[in-house]
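Letters A, B, ... are given to chains in the order of the sequence lines, protein chains preceding strands, and every chain is numbered from 1.
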2 protein chains.
Amino acid sequence: MVNIQRVAKEAGVSVATVSRVLHDQNTVTAKTRLKVEEAIQKLNYQPSMLGRNLRKSESRLLLVLIPEISNPFYFDIIKGIESIAISHNYNILLCETDSSPERENIYFDLIRTKMADGIISMDPAVNMDALMDLAEKHPIIQCSEYTAEGEIPYVTIDNEAASYQAVKHLIKIGNEKIALINSNKKYLYARQRKKGYQRALEEQGVVVRKEYIYHTEHLGFEYGQQAVKNILKVNDPPTAIFAVSDLLAIGALKELHAQGLHVPDDIAVVGFDKIHFSNMTNPTLTTIAQPMYKMGTLAVEMLIKRIKGENVESIILDHELVIRESTSG
Amino acid sequence: MVNIQRVAKEAGVSVATVSRVLHDQNTVTAKTRLKVEEAIQKLNYQPSMLGRNLRKSESRLLLVLIPEISNPFYFDIIKGIESIAISHNYNILLCETDSSPERENIYFDLIRTKMADGIISMDPAVNMDALMDLAEKHPIIQCSEYTAEGEIPYVTIDNEAASYQAVKHLIKIGNEKIALINSNKKYLYARQRKKGYQRALEEQGVVVRKEYIYHTEHLGFEYGQQAVKNILKVNDPPTAIFAVSDLLAIGALKELHAQGLHVPDDIAVVGFDKIHFSNMTNPTLTTIAQPMYKMGTLAVEMLIKRIKGENVESIILDHELVIRESTSG
DNA sequence: ATGAAAGCGCTAACAT
DNA sequence: ATGTTAGCGCTTTCAT
């Protein structure tokens, strides 16, 4: 491996000058610069980031924590993150935690050992205490899922309002018996979306029925299917379902179809996230769109500011109800 | 940041001894070890990987090149890669190339500048010449998509045989007019799968009709929909469709449904990859399953061997035809 | 069993 | 405008 010393020797200058040329400093005469550039060319020199990183005490790596890479909800967020990160000369370590604290801890160690410069956490299952601890010493931003208790800045949407709007829509098209397929209560977004659901019903003077609320262990088609199986068993079954994730809603559609029910005539369905798939189902899925790409770009920008030592404010972005076939005969 | 010096001082030993304790070398007496461990505890010391990496001239980062993070085909491969990588104390930099050479080059530079120790390329759009060039000096493995010309080891399946089997199945259930929704010809897998398609038809004495073959620019639902629109326009339209990707097949299902055709009664459909979603469509999709997770684990294992300087052989894994509703009334 | 010291490749403060 | 040099934090060889 040819290093900066070798180049300096070849060009007949000092390593400092080579470094200056490398960083486009204009304190170098055109003539010297040329000599150095020729030497670099000739030796096919590529500066080692290992040396630079140690010297500057940075890794230029950013951690992005997600529970599951297979949830399409994260796609556009990641794309947003990636595009901004690259333009700032950072790279992204996509960390799938599988909601496991051990796995999580491996990634936290990456920060502690200087292998990474900051974290964007999108993992609702993350050990919040550990995260807040880490945030005392390291730059961290929360994206989508967050905790308001600590000091960690976040970018997200108003989950309660979004959920409220979804259920309002179901009410407006004539439903009062509305089931909720929710995810695990331990997640803030789950509690917030439940609140929106309740508020919409109560405002309408409809009593919230426990049998209509189903909590799933994880997000995934199977869980949506299972939820519908349970929900249809109750006396006086619902005429509409609101699922807090498109994955659950798509599983629900599948199971409803298996049971011979027609959507939306027999039962209406609303999802959440507007993942790409949700337009390929039959019927297409009414859902809440989140500005995922924007969320991603904002999250990195905030993180990079934090790394530079600047302060940042949390941000709440707008959502949008997208009405498609599953709620409109 | 507390460093190894500080710990050594605290423990009253040399930095060498601290390093020895850190690496579990048994050349340290229990007593000394204890002193050091206490100092580490007390100071909450975490060794910096930046120093270690420079010293060892490694980054313990592996690059995984994929064209698009949103193609579910890669999920399980990535999971496989990740699990093995972590157990070997490597981390994964997931690199979405968007099939752009510039983007690709940014990632190649990561290798050249020692920011990464090796590459697993799954990008069919990769600049093969550049990759082969890079492979002269750096450890590289190809996964799924490959070129046999160079010296780069790969792990993949027998695309032609898989495709042959898919089409054979369509023939067996009574089809002779079979369309092919293929991806871009410049990809090896596309050419191989076309060959299998042709061989199956010719073996049956069926003439391959150009109008039945549609090439898409990219993989994605929309392209599958577009393909069907075109294919149905021909005189004497096909009674079956084989798509080289589940994404295309799912788009095809959608468009067939939009045109009022019933699958499989009016027209049968086979996909490729057995992505998770292919079981959520209506009807569920017959498809070719690839051992993705295995592919991923093998690819990293090969790569790690290469990094160690060992030689590895390319591997061809088995596939499997999974018959579901889209080909069985 | 432990310590001293060199050196990985780079940047930047300081000197000229 | 350019050079000299210290030092980032670690591992490892060589001595003791």
Q: Would you indicate, yes or no, if dG9(D) has its OP1 or OP2 atom less than 4.0 angstrom from a side-chain nitrogen or oxygen of Ser48(B)?
A: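 It does not, given that no N or O in the side chain of Ser48(B) lies less than 4.0 Å from OP1 or OP2 of dG9(D).
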
Quick one: [X] [atom1] to [N] [atom2], roughly how many Å, whole number?
| X | N | atom1 | atom2 | value |
| --- | --- | --- | --- | --- |
| Leu54(B) | dC8(C) | CG | P | 9 Å |
| Asn53(B) | dC8(D) | CG | C1' | 13 Å |
| Met49(B) | dG9(D) | CE | P | 14 Å |
| Lys35(A) | dA1(D) | NZ | P | 14 Å |
| Arg52(B) | dG9(C) | CZ | P | 18 Å |
| Tyr45(B) | dG9(D) | OH | C1' | 7 Å |
| Lys56(B) | dG7(C) | NZ | P | 19 Å |
| Gln5(B) | dA5(C) | CD | P | 12 Å |

Assess the side chains of [X] and [Y]: does a donor N or O sit below 3.5 Å from an acceptor N or O?
| X | Y | value |
| --- | --- | --- |
| Thr27(B) | Gln25(B) | no |
| Asn311(B) | Arg306(B) | yes |
| Thr156(A) | Tyr189(A) | no |
| Lys114(A) | Ser57(A) | yes |

Q. How about Ile120(B) and Leu65(B): do any of their side-chain heavy atoms sit closer than 4.5 Å?
A.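 SC-SC contact between Ile120(B) and Leu65(B) ruled out.
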
Q. Which part of the nucleic acid, if any, lies within reach of Val13(B) when heavy atoms closer than 4.0 Å are counted: base, sugar-phosphate only, or nothing?
A.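 Result for Val13(B) = sugar-phosphate.
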
Q: Using a heavy-atom cut-off of under 4.0 Å over every strand shown, decide if Thr17(B) touches base, sugar-phosphate, or nothing.
A: sugar-phosphate

Q | Neighbour count >12 (heavy atoms, 6.0 Å) for atom CD, Glu310(A) | A |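 Result for CD/Glu310(A): enclosed.
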
Q: Can you figure out which of dA13(C), dG9(C), dG9(D) approaches the side chain of Asn3(B) most closely?
A: dG9(D)

(Q) Does the plane of the ring in Tyr154(A) sit parallel, tilted or perpendicular to the ring in Tyr146(A)? Use 30° and 60° as the thresholds. (A)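 Taking Tyr146(A) first and then Tyr154(A), their aromatic rings lie parallel (interplane angle under 30°).
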
Q. Among residues 19-32 of chain B, which residues get a heavy atom nearer than 4.0 Å to DNA chain C?
A. Arg20(B), Thr27(B), Val28(B), Thr29(B), Thr32(B)

